[in-house]
Amino acid sequence: MIIIMLGAPGTGKGTVASMLEKNIGIKQISTGDIFRKNMQEKTELGKIAEKYISKGNLVPDDITIQIVKDRLEQKDVQNGAILDGFPRTIEQAKALDKILEEKSKKVDMVLNLTTPEDEIIERIVNRRICSNPECKTIYNLVMNPPKQEGICDKCGSKIVQRKDDNEETIKSRIKLYMEQTSPLIKYYEEKGILRTEEVSIKINHLGKDVAEEVAKDINNIAK
Ligand code: ADP
Ligand code: ZN
């Protein structure tokens, strides 16, 4: 089963994807996490990606598509994957269709998350992540702070703020989302596989609620 997480930055794609991973036993593939790991390890890819990411721009399609193509070849995702942060452009979506078609697979569900913009900005400014690439737990200083300041509850590593999580880059990332990524909503709607969920404190519907609901539906279908 192939699931795509769609939604503007800060809507909770990463949170929902990692909860879904646990609940339905399918691996999450996050292009953002792959880039961050490479930046931390200062690989060639990391150096290239950093140039784009630090400015709030997208990493070019050819680089990103190749990374996902290679990742989808690995053994641990042959029963399915939750794609978090990919595709982000129509070109990436078309390339993904082709990659999957060659493996006699297809996109089964696109989970489109929406959140009011004021809430997105507040969430991103307060977002912190575990610096351990094997853990990557996401915290929010207001909604979901770590028990001990600056230390990950799960693995004890340092908690850091992403370099691109500042008010300046957020604005350009949201704009980029509107221009480049939001056309994907129509693309997948026409294929009849779009499921839209609002994630907002205002309606008391958070990422964990969405993850639970979707996991329940998927596990029911599997039975
Ligand atoms: P967010 O959803 O909060 O923007 P991500 O971790 O998904 O965070 O992505 C971080 C950054 O990595 C993006 O702003 C972009 O620069 C780059 N990136 C991630 N996925 C892609 C992609 N599919 N195509 C191009 N750039 C990407
Ligand atoms: Zn951790």
Side-chain angles (χ1 to χ4, degrees), residues 4-18 28-40 45-46 48-69 71-72 81-96 99 111-115 117 119-140 144-148 150-182 184 199 207:
I4 290 175
M5 301 298 310
L6 201 59
T11 48
K13 299 187 297 291
T15 305
V16 173
S18 64
Q28 168 189 15
I29 299 178
S30 159
T31 41
D33 285 345
I34 294 173
F35 292 138
R36 275 187 290 280
K37 185 163 192 271
N38 278 276
M39 292 190 312
Q40 221 171 18
L45 169 66
I48 297 169
E50 181 141 29
K51 281 194 278 181
Y52 297 94
I53 294 177
S54 61
K55 294 196 191 100
N57 291 328
L58 292 183
V59 179
D61 283 337
D62 54 344
I63 299 174
T64 310
I65 289 165
Q66 192 57 48
I67 285 167
V68 174
K69 189 166 195 258
R71 182 66 186 85
L72 284 171
I82 304 165
L83 294 173
D84 161 22
F86 181 92
R88 252 180 163 91
T89 62
I90 290 281
E91 190 173 335
Q92 289 180 13
K94 288 187 174 155
L96 176 65
I99 293 168
L111 195 48
N112 177 38
L113 305 182
T114 64
T115 300
E117 189 168 321
E119 215 175 316
I120 283 183
I121 292 174
E122 160 142 7
R123 231 184 254 172
I124 293 186
V125 172
N126 290 311
R127 173 159 68 188
R128 298 292 184 274
I129 57 168
C130 173
S131 59
N132 171 6
E134 303 303 320
C135 176
K136 310 170 300 200
T137 299
I138 305 166
Y139 294 90
N140 181 294
N144 172 34
K147 291 196 183 77
Q148 197 183 339
I151 307 287
C152 177
D153 294 349
K154 285 195 190 144
C155 76
S157 301
K158 219 170 103 186
I159 288 170
V160 294
Q161 181 170 32
R162 277 169 46 178
K163 268 192 212 143
D164 59 343
D165 274 353
N166 57 71
E167 206 150 343
E168 216 173 295
T169 36
I170 295 163
K171 294 264 164 69
S172 74
R173 279 156 62 203
I174 292 175
K175 188 163 168 268
L176 258 182
Y177 168 80
M178 290 304 183
E179 291 167 1
Q180 307 240 34
T181 310
S182 68
L184 293 178
V199 179

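These values consider heavy atoms only, across backbone and side chains, with no hydrogens, waters or symmetry-generated copies. Ligands are counted one by one from 1 in listed order, and the atoms in each one are counted from 1 as well.
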ask   = Which is it for T64 and F86 under the side-chain contact (heavy atoms from CB on, under 4.5 Å) test, yes or no, and what are the steps along the way?
value = CA-CA 8 Å; T64 310; F86 181 92; 3.8 Å; yes
When only distance counts, is [X] in polar contact with ligand 1, meaning an N/O pair under 3.5 Å?
{"X": "R127", "answer": "yes"}
{"X": "R162", "answer": "yes"}
{"X": "Q92", "answer": "yes"}
{"X": "D33", "answer": "no"}

Closest non-hydrogen protein atom to [atom], residue and atom name please, with distance?
{"atom": "atom 13 (C) of ligand 1", "result": "R88 NH2, 3.9 Å"}
{"atom": "atom 12 (O) of ligand 1", "result": "I53 CD1, 3.5 Å"}
{"atom": "atom 16 (O) of ligand 1", "result": "N57 O, 2.6 Å"}
{"atom": "atom 2 (O) of ligand 1", "result": "K13 NZ, 2.9 Å"}
{"atom": "atom 23 (N) of ligand 1", "result": "G85 O, 2.8 Å"}
{"atom": "atom 25 (C) of ligand 1", "result": "V59 O, 3.2 Å"}
{"atom": "atom 14 (O) of ligand 1", "result": "R173 NE, 3.9 Å"}

task = Please say whether more than 12 non-hydrogen atoms of neighbouring residues, nucleotides or ligands are located less than 6.0 Å from CD in Q40.
result =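 It does: Q40 CD has more than 12 such atoms within range.
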key: Donor-acceptor pair, side chain of T115 and main chain of I120, under 3.5 angstrom   =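 Pair absent, no side-chain N/O of T115 close to backbone of I120.
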ask   = Do T89 side-chain atoms and Q180 backbone N/O form a donor-acceptor pair below 3.5 Å?
value =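 No, T89 side chain to Q180 backbone: no donor-acceptor pair under 3.5 Å.
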ask   = Below 4.0 angstrom, N of the basic side chain to O of the carboxylate: do D165 and R173 qualify?
value = yes
task = Would you give the length of the straight line joining atom CD1 of I65 to atom CD of E91, rounded to the nearest 0.5 angstrom?
result =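 Those atoms lie 5.0 Å apart.
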request  = Rounded to the nearest 0.5 Å, what's the gap from OG1 on T181 to CD on Q92? Could you check?
outcome  =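 That separation rounds to 8.0 Å.
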ask   = What are the two closest heavy atoms between L111 and V16, and how far apart are they?
value = CD2-CG1, 4.1 Å
ask   = Is ligand 1 under 4.0 Å from a heavy atom in the side chain of F35, in the backbone, in both, or in neither?
value =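 It is the side chain that touches ligand 1; the backbone stays farther off.
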task = Select one of side chain, backbone, both or neither to describe which atoms of L58 lie under 4.0 Å from any atom of ligand 1, heavy atoms only.
result = both
Atoms of ligand 1 less than 4.0 Å from [X] heavy atoms?
{"X": "R36", "result": "6 (O), 10 (C)"}
{"X": "T64", "result": "22 (C), 23 (N), 24 (N), 25 (C)"}
{"X": "T31", "result": "19 (C), 20 (N), 21 (C), 23 (N)"}

task = Would you check if there is a donor-acceptor pair between the side chains of N166 and T169 at a distance under 3.5 Å?
result =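 On atom types as modelled, these side chains qualify, holding a pair under 3.5 Å.
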Sub-4.5 Å side-chain heavy-atom contact between T137 and I159 = no
ask   = Please state the angle at the Zn ion (ligand 2) spanned by SG of C152 and SG of C155: what is it, rounded to 10 degrees?
value = 110°
query = Just one of M39, R36, K163 clears the side-chain contact (heavy atoms from CB on, under 4.5 Å) bar with I53, so which one?
reply = M39
